[in-house]
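Before any comments, here is the structure.
Side chains are part of it too, since the values below use all heavy atoms of this structure and drop only hydrogens, waters and symmetry mates. Source: prediction; values computed, not measured.
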Amino acid sequence: MAQVSLQVRTSLDLANARFKGDTTISYELILEKFRSIEKPIDKYLTLRDLLRLAPRVYYDLLLKHTEEILPYIYTPTVGEACENYHKLPLKTRGMYLTLHDKGNVLKKLQAWPVQDVKVAVITDGERILGLGDLGRNGMGISEGKITLYTAAAGVNPMQCLPICVDIGTNNPAYLEDPDYRGIKAPRVTGAEFDEFMGEVMESLQAWQAHMLVQFEDFGNNNAFRLLDSWRHKMCAFNDDIQGTACITLAGLLSAARATGKPFNEHRVLFLGAGEAGTGIGELIATYLHLRHGMTMEEGRQHCFFMDSRGLVCKSRTNLQHHKQPFAHDVESCPDLKSAIAALKPTALVGVSTIAKAFDREVVEAMCGLNDRPIIFPLSNPTSKSECTYQEAYEWSKGKVLFASGSPFDPITDAGVVHYPAQANNAYIFPAVGYAAILAKSKEITDEMFVLASEELSSMTDMEELEQGRLFPPFQSIRAISKVLTARVAEKMVDAGLGTAPEGCNDWESYVASNMWNADAL
Ligand code: NAI
């Protein structure tokens, strides 16, 4: 660290002493010192140093205090870390694959010091969180996200590989920054992109049988095509599209139960028609197809999308490919309020990155149509959220069924505490991914995500729904992941996609006994 504060140094010294066998130093003391570090970015750097210098201590903190530690490993702190990654004193344990490796990717993988890799999180850094093109600095996101496989689902961290593909950057500041270490040229696109990513994916497949690959934060122009090219050839999925869809469907299923109206009678209006939005729309359609006997086209008729040009509808020309299935035969609407009046949605989902787009008029219009309006402002970070919990609660007079992308504080009203649900993808992707690894599944089908949504939703009862809780408490994430992993793995085997490992008679006990913990170090 360029300038190490006393607080940071103290917590590191303590952790080091503990690591070297001084058992008189308790984890509580290390945690207390860690808590006293003021700046989130210093906490992030301290945790990275701990991982390098005292891994046992790092994993113990992570696994015993997951909810408290995660914000300094992943969002929101990882955003700041990625923006400044090239200036921070960081040593990655991840792998960079650059255009200079063209023709040699497999050789590079085969020369990697760790050869038993089961899961890779891979980004090209084009659209990191809501922060845009961060090029090679995107490594921070792969590192952060892969940690969740261990923290939430118990995947052995030695079997996890973060990867950043460096294919240039269109970030003008980085192109001129002497400290930026990535390729200083505009991103390659089209056939050149496909060819390089093709080599990367084929090499990963050839390197490790049954490897799970998670695509992360690829730009809109490539994410859908990349996913479509690989999702049926191997265990590859995109968390921004499919993970988000799965957690949101789980939230919608819970919210629908609270309304008392069957799910097939709901209509969802999305503000934003990008990766998150259209991914959710497709999974809702799949759910309605699989569980309510509709065709996919009929299922999609329950989802309507607004983008920056108004309602996505049949009369629109030049629609991007991923929006076309949702271009329904309805009158065009220029803005959200006119769309709410015309379409009478039961649920509103914000995936637009437009802060405050769900204003009082919007929330009141939803209340005029529904006893319990479902309102999910999912845009991150908090500053981009379409509304806050406080606003949605007040404007709906407490009727709202709410889930957000970023966390909000609970509200106490007449002595009763109401909790805002947070649609955190970490409920889903580590468990579904670990299921695919354990069952050696050939691919992860949409049916698996539907099942994971249903299982997660079923973990919340009516009493909890009344308090606003659409998901079970995140602090029980390992117990939640155990059940989800078991159910999905079992289904993968039933569907003929995978096989039960030797000695696995009961999936839940098998998963439990295969969850890694820090004692293994
Ligand atoms: P994206 O860039 O693929 O899509 C954004 C969409 O918003 C585009 O379709 C764009 O046309 C639309 N948009 C922009 N301005 C608009 C306007 N004025 N009115 C209506 N639509 C407008 O981004 P992506 O991946 O879909 O993410 C969107 C948001 O969702 C981000 O803030 C992201 O952080 C959040 N998100 C939340 C998750 C969660 O809560 N679990 C998971 C994934 C994403």
Test salt bridge (Lys or Arg N to Asp or Glu O under 4.0 Å) on Lys233 and Glu443 and set out the steps. CA-CA 7 Å; Lys233 290 185 195 150; Glu443 60 175 293; over 6 Å; no
Would you check, one step at a time, whether the test side-chain contact (heavy atoms from CB on, under 4.5 Å) holds for Asn84 with Ile41? CA-CA 10 Å; Asn84 302 303; Ile41 193 70; 5.9 Å; no
Run the numbers on Phe270 and Met306 for side-chain contact (heavy atoms from CB on, under 4.5 Å), then give the verdict. CA-CA 6 Å; Phe270 293 85; Met306 305 282 303; over 6 Å; no
Checking side-chain contact (heavy atoms from CB on, under 4.5 Å) for the pair Val155/Cys160: CA distance, chi angles, key distance, verdict? CA-CA 8 Å; Val155 181; Cys160 297; 3.7 Å; yes
Just do the side-chain contact (heavy atoms from CB on, under 4.5 Å) check on Tyr434 and Leu212 with the steps written out, would you? CA-CA 9 Å; Tyr434 200 20; Leu212 171 75; over 6 Å; no
Please walk me through it: do Phe263 and Tyr287 pass ring pair (Phe, Tyr, Trp, His ring centres under 6.0 Å)? CA-CA 10 Å; Phe263 194 81; Tyr287 174 81; 5.2 Å; yes
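Rounded to the nearest 0.5 Å, atoms CG (Leu90) and CZ (Arg52) are 9.5 Å apart. To the nearest 0.5 Å, atom CG of residue Asp124 and atom OG1 of residue Thr169 are 9.5 Å apart. Between Ser142 atom OG and Tyr96 atom OH the span is 9.0 Å, to the nearest 0.5 Å. One finds the CD1 atom of Ile428 at 8.0 Å from the CG atom of Asn425 (value rounded to the nearest 0.5 Å). Taken to the nearest 0.5 Å, the CD atom of Gln214 stands 8.0 Å off from the CG atom of Asp240. Annotation: the span from Phe224 atom CZ to Arg231 atom CZ amounts to 11.0 Å, rounded to 0.5 Å.
For the pairing with Glu143, the salt bridge (Lys or Arg N to Asp or Glu O under 4.0 Å) check across Arg93, Arg48, Lys91 returns one residue only, Arg48. Here the rule is side chain to side chain contact (heavy atoms under 4.5 Å, CB included) with Thr147, and of Val121, Ile73, Val78 only Ile73 fits it.
Judged by distance alone, the side chain of Ser441 and the main-chain N or O of Gly498 form no donor-acceptor pair under 3.5 Å. Without hydrogens or angle criteria, Gln422 side chain to Gly405 main chain gives a donor-acceptor distance under 3.5 Å. A donor-acceptor pair under 3.5 Å links the side-chain atoms of Glu298 to the main chain of Thr295, judged by distance alone. Without hydrogens or angle criteria, Thr286 side chain to Asp446 main chain gives no donor-acceptor distance under 3.5 Å. When atom types are taken as modelled, the side chain of Gln208 and the backbone of Gln205 share no donor-acceptor pair closer than 3.5 angstrom. Side chain of Glu192 to main chain of Val188: no donor-acceptor pair is present (N/O by atom type, distance under 3.5 Å, no hydrogens or angles). In this structure a side-chain-to-backbone donor-acceptor pair under 3.5 Å is present from Glu199 to Gly103. Side-chain N or O atoms of Ser404 include none that pairs as donor or acceptor with a backbone N or O of Pro407 at under 3.5 Å.
Salt bridge Asp228/Arg225: absent, no basic N to carboxylate O contact under 4.0 Å. A salt bridge links Asp133 with Arg187: at least one charged nitrogen is closer than 4.0 Å to a carboxylate oxygen. No salt bridge links Glu454 with Arg487; every basic N to acidic carboxylate O contact stays at or beyond 4.0 Å. Taking the charged nitrogens against the carboxylate oxygens, Asp101 and Lys107 have no contact shorter than 4.0 Å, which rules out a salt bridge.
Side-chain atoms of Gln159 and Asp116, non-hydrogen and from C-beta on, do get closer than 4.5 Å to each other. Contact of the Arg316 side chain with the Asp307 side chain is registered, since non-hydrogen atoms from C-beta on lie closer than 4.5 Å. Contact check for Glu386 versus Ser352: side-chain heavy atoms found under the 4.5 Å cut-off. The shortest distance between side-chain heavy atoms of Asp166 and Leu97 does not fall below 4.5 Å. With a 4.5 Å cut-off on side-chain heavy atoms, Asn220 and His322 count as touching. Two residues are said to be in side-chain contact when any heavy atoms from C-beta on lie closer than 4.5 Å; Leu497 and Met448 meet this criterion. Side-chain contact check for Leu134 versus Leu129: every heavy-atom pair is 4.5 Å or farther apart. Residues Ser229 and Met201 are not in side-chain contact: their nearest non-hydrogen atoms beyond the backbone lie 4.5 Å or more apart.
With a 6.0 Å radius and a threshold of 12 heavy atoms from other residues, nucleotides or ligands, Lys491 has its NZ atom at or below the threshold. By the 6.0 Å contact criterion, CD on Glu331 is open, its count of non-hydrogen atoms from other residues, nucleotides or ligands being 12 or less. Taking a 6.0 Å sphere around NZ of Lys108, one finds it holds more than 12 heavy atoms contributed by other residues, nucleotides or ligands.
A distance below 6.0 Å separates the ring centres of His328 and Phe304. Between Phe474 and Tyr427, the distance separating the two ring centers is shorter than 6.0 angstrom.
Tyr44 and Glu80 share no donor-acceptor pair across their side chains, judged by distance under 3.5 Å alone. For the 3.5 Å distance criterion, the side chains of Thr46 and Asp49 fail to qualify, holding no donor opposite an acceptor.
Residues passing the side chain to side chain contact (heavy atoms under 4.5 Å, CB included) test with Ser406 are Asn380, Thr382, sequence neighbours excluded.
Residue pairs that meet the ring-ring contact (aromatic ring centres under 6.0 Å, His included) test with at least one member in residues 199-223, sequence neighbours left out, are Phe215-Phe218.
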Report all side-chain donor-acceptor pairs from residues 179-186 shorter than 3.5 Å, counting only partners two or more places apart or in another chain.
from: Asp179; atom 1: OD2; to: Lys87; atom 2: NZ; distance (Å): 3.3
from: Tyr180; atom 1: OH; to: Arg136; atom 2: N; distance (Å): 2.7
from: Arg181; atom 1: NH2; to: His86; atom 2: O; distance (Å): 3.3
from: Lys184; atom 1: NZ; to: Asp177; atom 2: O; distance (Å): 2.5

